[in-house]
Amino acid sequence: MKKSLIAMSLFMFFLSSCNDKPEVQPFDDALFLNVYPNPFRNFVYVTASQGNQLTILQVLDTKGKSILNEVVSQSDQTFDLDLQGEPSGTYYVVVQAGENKTVRKAIKL
């Protein structure tokens, strides 16, 4: 028991004296993307906020085929995407504003 306590004390000392902490990257809220409802049936709504940058909105299927590709330039947008003619499955909504790119998965029932 004494050996266990010594080993545990040394381990705790090692943990408390360790200076190698991972760097925390600041959250970049310049590009926000919300896709809802998810899963969806025919229509999916996309809310994107990207500041005042020119934005590209894309919807891709799982093979990387572009279903939708739009360029928008307003700061806050809500888009109603009509995917009635597309088959059920997984789609990726991509918003790119300048150097920032955000991807969300959307599932069509």
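As the structure is a prediction and not an experimental result, all values here were calculated from the model.
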Distance (rounded to the nearest 0.5 Å) between Leu57 CG and Leu33 CG: 8.0 Å

Atom pair OG1 (Thr55) and CG (Asn100), whose distance is rounded to the nearest 0.5 Å: 10.0 Å

Check: Leu109 main-chain N/O paired with Ser88 side-chain donor or acceptor under 3.5 Å: yes

Set of residues satisfying ring-ring contact (aromatic ring centres under 6.0 Å, His included) with respect to Phe43, sequence neighbours excluded: none

Residues in side-chain hydrogen bond (donor to acceptor under 3.5 Å, both in side chains) contact with Asp82, at least two apart in sequence or another chain: Gln84

Any side-chain heavy-atom pair of Val95 and Ile56 under 4.5 Å: no

Side-chain heavy-atom pair Lys105, Thr90 within 4.5 angstrom cut-off: yes

Side-chain cluster (under 4.5 Å, hydrophobic types only) that Tyr92 belongs to, other residues: Leu60, Val94, Val103

Residues which pass ring-ring contact (aromatic ring centres under 6.0 Å, His included) with Tyr36, listed by chain and number, not counting sequence neighbours: Tyr45

Point-to-point distance, once rounded to the nearest 0.5 Å, from OH of Tyr91 to NZ of Lys65: 8.5 Å

Whether Asp61 side chain and Ile67 backbone form a donor-acceptor pair below 3.5 Å: no

Inter-residue atom distance Arg41.CZ - Leu83.CG, 0.5 Å rounding: 14.5 Å

Side chains of Val46 and Asn34 in contact at under 4.5 Å (non-hydrogen atoms): no

Nearest non-hydrogen partners of Pro37 and Val44, listed with the distance: O-CG2, 4.0 Å

Lys108 side-chain N/O to Pro39 backbone N/O, donor-acceptor pair under 3.5 Å: no

